Amino acid sequence: MHDIRLIRENPQAFDAGLARRGLAPLSEQILAADASVRALQTEIQASLARRNEASKLIGQAMASGDKDKAEALKAEVAELKTALPAKEEAEREQLAALQDMLAALPNLPVADVPDGMDEDGNVEIARWGTPRTFDFAPQEHADFAPALGLDFETAAKMSGARFAFLKGQMARLERALGQFMIDRQTIDAGYTECATPLMVRDDAAFGTTQLPKFRDDLFQTTDGRWLISTSEMSLTNAVREEILPEADLPIRMTALTPCFRSEAGSAGRDTRGYIRQHQFWKVELVSIVRPEDSDAELERKTRAAETILEALELPYRKMLLCAGDMGFAARKTYDLEVWLPGQNSYREISSCSNCGDFQARRMNTRFRREGAKGNEFVHTLNGSGLAVGRTLVAILENYQQADGSVDIPAALLPYMGGITRLSP
RNA sequence: GGAGAGUUGGCUGAGUGGUCGAAAGCGUCGCACUCGAAAUGCGAAGUGCCGGCAACGGUACCGAGGGUUCGAAUCCCUCACUCUCCUCCA
């Protein structure tokens, strides 16, 4: 949510930010609505002031036994009150319209985010690892993994497309990956392990910006709750409506949870394989920090995600997303893309974003600086560390052998109960 | 699912339909005392919004939203959440 005061102070900068996001200028429309609301407020407040004054006088008149004066004042208040409801209604409606308008606008990019409208504008920052050279033609996981226990047909029977049924060694490998990742993030990177609700209310979904704009991407329960599309939703909302002591910051939380996505807008994309599912496991990394610390925290968080890929010896590249390709809540985002030899391309496996105070405003999460009076909004960050399902895909494709088997990366062996290779 | 009790400022916690933005305590900040600190004493201090260059004035806020009333933290209704008991249950 944007701060209306900043828009008032510098509408040109606001429109320039929107333009970088590929949006038309809106400051004029917003400020007109804002001015109209404020004019109404002033008018209403003048009426209320007179009403309050008259009410006090009524009390005094009654006390002194001046019935006539009291009745005259009551008549005046009654008259004031006939005009008031319409004005208050207008004010409510206009304010709601203004807030709806603001709630639908994405966060704006910071200065060092490159221009660009889509993924072609993203800038490669770094590359790690060398893609393996194969002495055979590497296959896509969708072609050889079913023989190893990644079963789409069984899942389709009961659940339809975009689900998988993992069996035996394959299920074990996915579980091992989740355990390995959450251990690294808690033991090495200093995140606190959390187990969170997988369903949240409207308010929470609004706070992390899945609502109101992206409701079609979520699954909803029969009693009106939302299945989390990422544990960013449940972790970040842990501090909603809180006033945190400065000494508590930074707060770093992680969770290994299933994520549920309707994939409404992605018909036809990644329909084969395990890349894009309605349900997948992910280790999420959320940080709540002081404003001055969020830039450094984004670097730290991204590094925590990179470390997992390096431990698994999976080649990747680090992308700085351009203004037009960032998620709704982000002011700056790094994507990590893992090398998939079967697809001969890099694919997103982690996305780490600094949201600034954008989510904090929606959640009303503040902190109290030591010695200072007043509260400030915190900054929030989130990132995947990593998406477990896609990491499974990366391991299958990068560690595949000519005979259709897959070697287990050394870092995972302690989690595999003696299995060193997946075999058909 | 049933019954009851609650939700008040940074925290704990009083509160009679008008004098309540709200006692008291804790914590915070300033000053005094002190070489310094502690202790003590004195004092200050809620947040949003509107108007104003400002001083300041107005308005709203006692879980959320409605209602009654000239006037609501206080009375009524709905909802959310917390706690207790019963019921059910992995």
Side-chain angles (χ1 to χ4, degrees), chain A residues 1-9 30-100 102-103 195-207 211 220-226 234 237-249 251 288 290 357 360-378:
Chain A
M1 187 74 97
H2 290 286
D3 184 353
I4 186 78
R5 280 174 296 192
L6 295 181
I7 303 175
R8 273 184 218 144
E9 281 166 21
I30 290 169
L31 291 181
D34 178 47
S36 174
V37 168
R38 289 203 280 170
L40 270 171
Q41 284 177 336
T42 305
E43 214 176 312
I44 290 165
Q45 287 186 7
S47 296
L48 290 175
R50 177 56 193 158
R51 184 202 67 182
N52 289 345
E53 190 184 15
S55 291
K56 277 195 185 128
L57 292 175
I58 290 169
Q60 289 171 12
M62 305 259 274
S64 65
D66 190 344
K67 286 256 169 58
D68 293 343
K69 190 178 174 191
E71 289 307 317
L73 285 163
K74 279 190 187 183
E76 186 192 340
V77 172
E79 196 166 326
L80 278 175
K81 284 178 68 179
T82 57
L84 213 47
K87 285 181 190 168
E88 285 176 329
E89 177 65 19
E91 193 255 359
R92 254 198 306 274
E93 279 174 15
Q94 290 187 21
L95 188 61
L98 177 59
Q99 280 169 344
D100 287 350
L102 289 174
T196 75
L198 305 180
M199 307 174 212
V200 301
R201 266 205 294 268
D202 285 2
D203 286 351
F206 179 84
L211 290 183
Q220 190 165 30
T221 63
T222 52
D223 66 353
R225 289 175 233 268
W226 304 93
S234 40
N237 275 290
V239 295
R240 67 173 296 109
E241 291 160 47
E242 295 276 331
I243 297 172
L244 303 161
E246 184 178 15
D248 284 6
L249 303 179
I251 296 171
I288 313 296
R290 300 184 302 180
D357 62 9
R361 286 180 185 285
R362 290 178 168 233
M363 298 190 302
N364 201 21
T365 303
R366 293 156 295 165
F367 77 104
R368 178 172 293 271
R369 221 179 259 283
E370 266 152 52
K373 56 187 250 181
N375 306 316
E376 291 177 56
F377 288 112
V378 297

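Note that the coordinates shown come from a computational prediction; the quantities given were computed from them, not determined experimentally. By convention in this document, chain letters (A, B, ...) are assigned in the order of the sequence lines, proteins followed by strands, and residues within each chain are numbered from 1.
- Rounded to the nearest Å, the gap between the C1' atom of B:C81 and that of B:U28 is 29 Å.
- For B:U47, the OP1/OP2 oxygens have no side-chain nitrogen or oxygen of A:Arg366 closer than 4.0 Å.
- With both ends at atom C1', the span from B:C86 to B:G13 equals 31 Å, rounded to whole Å.
- One can place CZ of A:Arg368 at 11 Å from P of B:C29, the figure rounded to the nearest angstrom.
- Distance check on atom C1': B:C11 versus B:C62 gives 16 Å, rounded to whole Å.
- Note: CG (A:Asp248) to P (B:G10) measures 16 Å, nearest angstrom.
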RNA chain B in dot-bracket form (Watson-Crick or G-U pairs under 3.5 Å, [ ] crossing, | inter-strand) is ((((((((.[[[..)..(.....]]].(((((.......))))).((((((....)))))).[[[[[..)....]]]]])))))))....
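- Remark: C1' of B:A64 and CZ of A:Arg240 are 13 Å apart, rounded to the nearest angstrom.
- For the P atoms, the distance linking B:A60 with B:G67 amounts to 15 Å, nearest Å.
- With sequence neighbours excluded, the residues forming a salt bridge (Lys or Arg N to Asp or Glu O under 4.0 Å) with A:Arg290 are A:Glu246, A:Glu292, A:Asp293, listed by chain and number.
- For the P atoms, the distance linking B:G46 with B:A22 amounts to 9 Å, nearest Å.
- Contact between A:Val378 and A:Ala360 at its shortest, heavy atoms only, is O-CB, 3.2 Å.
- At whole-Å resolution of the value, CZ in A:Arg201 and P in B:C79 are 14 Å apart.
- The side chain of A:Asn52 contributes an N or O atom lying less than 4.0 Å from OP1 or OP2 of B:A60.
- A search for salt bridge (Lys or Arg N to Asp or Glu O under 4.0 Å) contacts involving A:Arg201 returns nothing, not counting sequence neighbours.
- Shortest non-hydrogen contact noted between A:Phe377 and A:Phe367 is O-CE2, 3.9 Å.
- Comparing B:G2 with B:U74, their P atoms sit 27 Å apart, to the nearest whole Å.
- Distances from the side chain of A:Arg51 to the nucleotides B:G71, B:G10, B:G58 place B:G71 closest.
- Between the C1' atom of B:C11 and the CZ atom of A:Phe367 lies a distance of 19 Å, rounded to the nearest Å.
- Atoms CD (A:Glu241) and P (B:U82) sit 13 Å apart, rounded to a whole Å.
- B:A80 and B:G66 are spaced 15 Å apart, taking the C1' atom of each and rounding to whole Å.
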Please write out the pairs of protein N or O atoms and N or O atoms of nucleotides 49-52 of chain B separated by less than 3.5 Å, giving the distance to one decimal.
unit_1	atom_1	unit_2	atom_2	d
B:C49	O2'	A:Gln41	OE1	3.2
B:C50	OP1	A:Arg8	NH2	3.0
B:C50	O2'	A:Thr42	OG1	2.4
B:G51	OP2	A:Arg38	NH1	3.1

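- Here the CG-OG1 distance, from A:Asn375 to A:Thr365, works out to 11.5 Å after rounding to the nearest 0.5 Å.
- Distance CG/A:Asn52 to CZ/A:Arg50: 10.5 Å, rounded to 0.5 Å.
- Rounded to an integer number of Å, the gap from CG of A:Asp203 to P of B:C79 is 17 Å.
- Partners of A:Asp357 by salt bridge (Lys or Arg N to Asp or Glu O under 4.0 Å), not counting sequence neighbours, listed by chain and number: A:Arg361.
- Side chains of A:Leu102 and A:Ile7 form a contact here, defined as non-hydrogen atoms less than 4.5 Å apart.
- A:Asp202 is linked by a salt bridge (Lys or Arg N to Asp or Glu O under 4.0 Å) to nothing, counting only residues two or more places apart in sequence or in another chain.
- No side-chain heavy atom of A:Phe206 sits under 4.5 Å from any side-chain heavy atom of A:Arg240.
- A straight line from CZ of A:Arg50 to P of B:C70 spans 16 Å, rounded to a whole angstrom.
- If you take atom P in B:A32 and the same atom in B:G25, they sit 24 Å apart, rounded to whole Å.
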